[in-house]
Amino acid sequence: MSDTARSGAEELDALVARIRACRVCRDAPLRVPLPHAPRPVLRVSATARILIASQAPGTKVHLSGLPFTDASGDRLRRWMGVDAATFYDARRIAIAPMGFCFPGQDAKGGDLPPRRECAAHWHDTLFATLPDFDLVLAIGRPAQAYHLRRLALGHLIRPGLTETVAGWRAVRASRNDTRVYALPHPSWRNTGWLKRNPWFEAELLPELQADIAASLDRARHLCEGETTDDREAATWPK
C-alpha cells in the first residue's frame, strides 16, 4: 500500500470511529431525542466499489450491529445475486444507511424515517473521504434524494418512488464513472409493490446483477494490489 493510500485508509478509519461514537440524536437532537441508546451501524472501506445506500437499521440490526440481518437482507442479497460472505465483505461492498441508528417505531409498529442528524453531521464528510464507487444502490426515497443529488443526478428524481425506480435506465446511463440504481426497500411490506411492477424483477434485476458481478471483479483487482490501470481493464458489461 502506498503512503497516500495508507493515509487515506487511516483518515477513513478515524472518521468511522467518530461516527460509531456519535450520540447527537440523544444529546443534541434536531427534534425529539432518540428513544434508546444510539448504536450507529455502517460498513465501509477504502477498497469497496459497491455502495449499498440504505435507509436505517431495524430492530434486529440494532440488536446485532450487523446490517441487513433480517428478511430484508435475504431479499436484497437475492436481488443482488450475491451470497452472505460476499455481501458482508467490506473490502468489496460498503453499507452506509441514511440513518446510522435504529430510529424507533411509530404507533403502528412501523420503523420511523431515518434520523436527519446523520446526513446533517456526517454524510458529506463521509462521502468526501470515501473513494468514488463503481455502483450505488440507492434504496428508498431518502437515499435516492441524497445520492442522486450528490452525483448531480437530482433532475432524475421523480415525484414518487415508483416513478424514480421506473426510470432506472436513464439513471443508470447518466454517468460514465458511477452507475446508480434507485431501488425500493426490500422489506416484506413491498411484496405487493413487486407484484404490481413485474418489470422490476424481469428487467432491472438482471442488469443490476450483471453490473454487480463486473464491479466485484474490479474490486478483486484492487484488493489484490493491482494498479488502477489494471483494475480498469476489467470493463463494464455492454
Side-chain angles (χ1 to χ4, degrees), residues 25 34-43 50-90 93-116 118-119 135-148 157-168 171-172 180-213:
C25 287
L34 196 69
H36 50 75
R39 190 180 190 182
V41 176
L42 75 159
R43 293 170 65 84
I50 298 171
L51 169 65
I52 298 173
S54 50
Q55 297 194 137
T59 52
K60 290 184 178 180
V61 173
H62 178 66
L63 294 173
S64 71
L66 189 65
F68 287 104
T69 50
D70 52 21
S72 294
D74 293 338
R75 174 176 273 174
L76 179 58
R77 287 183 281 276
R78 288 196 299 272
W79 285 357
M80 295 173 65
V82 300
D83 59 18
T86 301
F87 185 83
Y88 289 115
D89 184 351
I93 297 178
I95 305 173
M98 292 306 300
F100 294 126
C101 290
F102 171 50
Q105 295 178 322
D106 60 25
K108 296 182 179 179
D111 290 353
L112 292 168
R115 299 286 302 210
R116 292 185 297 168
C118 295
L135 194 59
V136 173
L137 280 58
I139 299 173
R141 292 291 284 176
Q144 291 159 16
Y146 178 81
H147 286 283
L148 288 176
I157 301 171
R158 299 297 180 240
L161 180 139
T162 298
E163 297 167 275
T164 302
V165 177
W168 66 273
V171 175
R172 177 180 180 267
V180 182
Y181 284 84
L183 304 176
H185 196 278
S187 167
W188 63 269
R189 295 176 185 274
N190 281 331
T191 298
W193 186 94
L194 294 171
K195 290 180 178 178
R196 294 191 300 273
N197 297 279
W199 51 265
F200 177 80
E201 293 184 331
E203 300 173 21
L204 185 153
L205 289 189
E207 297 295 330
L208 173 65
Q209 291 172 8
D211 281 349
I212 287 171

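Sorted by first and then second residue, the salt bridge (Lys or Arg N to Asp or Glu O under 4.0 Å) pairs with a member in residues 54-67 form an empty list; sequence neighbours excluded. Screening residues 95-109 for side chain to side chain donor-acceptor pair (under 3.5 Å), with sequence neighbours left out, gives no hits. Annotation: side chain to side chain donor-acceptor pair (under 3.5 Å) contacts involving residues 64-73, sequence neighbours excluded, comprise Ser64-Thr69. Counting only residues at least two apart or in different chains, side chain to side chain donor-acceptor pair (under 3.5 Å) contacts with residues 135-147 comprise Asp124-Tyr146, Arg141-Thr164, His147-Arg150.
When every heavy atom of Val41 is checked against every heavy atom of Pro57, the shortest pair comes out as CB-CG, 4.1 Å. The two residues Gly160 and Glu163 come nearest to each other via the heavy atoms N-OE1, 3.0 Å. Between Pro184 and Asn190, the closest heavy-atom pair is CB-ND2, 4.2 Å. Across every non-hydrogen atom of Phe87 and Pro67, the tightest pair is CE2-O, 4.3 Å.
Using a 4.5 Å heavy-atom threshold, the side chains of Leu204 and Val165 count as touching. In this structure, the side chains of Leu208 and Trp168 stay at 4.5 Å or more apart for every pair of heavy atoms.
A search for side-chain contact (heavy atoms from CB on, under 4.5 Å) contacts involving Val180 returns Val136, Leu148, Leu151, Leu153, Val171, Thr178, not counting sequence neighbours. Scanning for side-chain hydrogen bond (donor to acceptor under 3.5 Å, both in side chains) contacts around Ser187 gives an empty result, with sequence neighbours left out. Here Asp111 pairs with nothing under the salt bridge (charged side-chain N to carboxylate O under 4.0 Å, His left out) rule; sequence neighbours left out. For the side-chain contact (heavy atoms from CB on, under 4.5 Å) test, residues two or more places apart in sequence or in another chain that qualify with Thr86 are Val82, Asp83, Arg92, Ile93, Leu216. With sequence neighbours excluded, the residues that form a side-chain hydrogen bond (donor to acceptor under 3.5 Å, both in side chains) with Thr162 are Trp193. Considering only residues two or more places apart in sequence or on other chains, Ala213 meets the side-chain contact (heavy atoms from CB on, under 4.5 Å) condition with none of them. Residues satisfying the side-chain contact (heavy atoms from CB on, under 4.5 Å) criterion with Leu194, sequence neighbours excluded, are Arg75, Trp79, Phe200, Glu201.
Between the side chain of Gln209 and the main chain of Arg78, a donor-acceptor pair closer than 3.5 Å is present. Without hydrogens or angle criteria, Arg43 side chain to Ile95 main chain gives no donor-acceptor distance under 3.5 Å.
Atoms CG and CD1, from Leu183 and Ile52 in turn, are 9.5 Å apart once rounded to the nearest 0.5 Å. Within the model, atoms CG of Leu51 and CD1 of Ile139 stand 9.0 Å from one another, a figure rounded to the nearest 0.5 Å. In this structure, NE2 in His185 is found 5.0 Å from CD in Gln55, a value given to the nearest 0.5 Å. Taken from CD in Glu207 to OH in Tyr181, the straight-line distance is 5.5 Å, to the nearest 0.5 Å. We find the CZ-CG distance between Arg172 and Leu135 to be 9.0 Å, quoted to the nearest 0.5 Å.
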Could you pull out all donor-acceptor pairs under 3.5 Å where a side-chain atom in residues 97-104 meets a protein atom, sequence neighbours excluded?
none

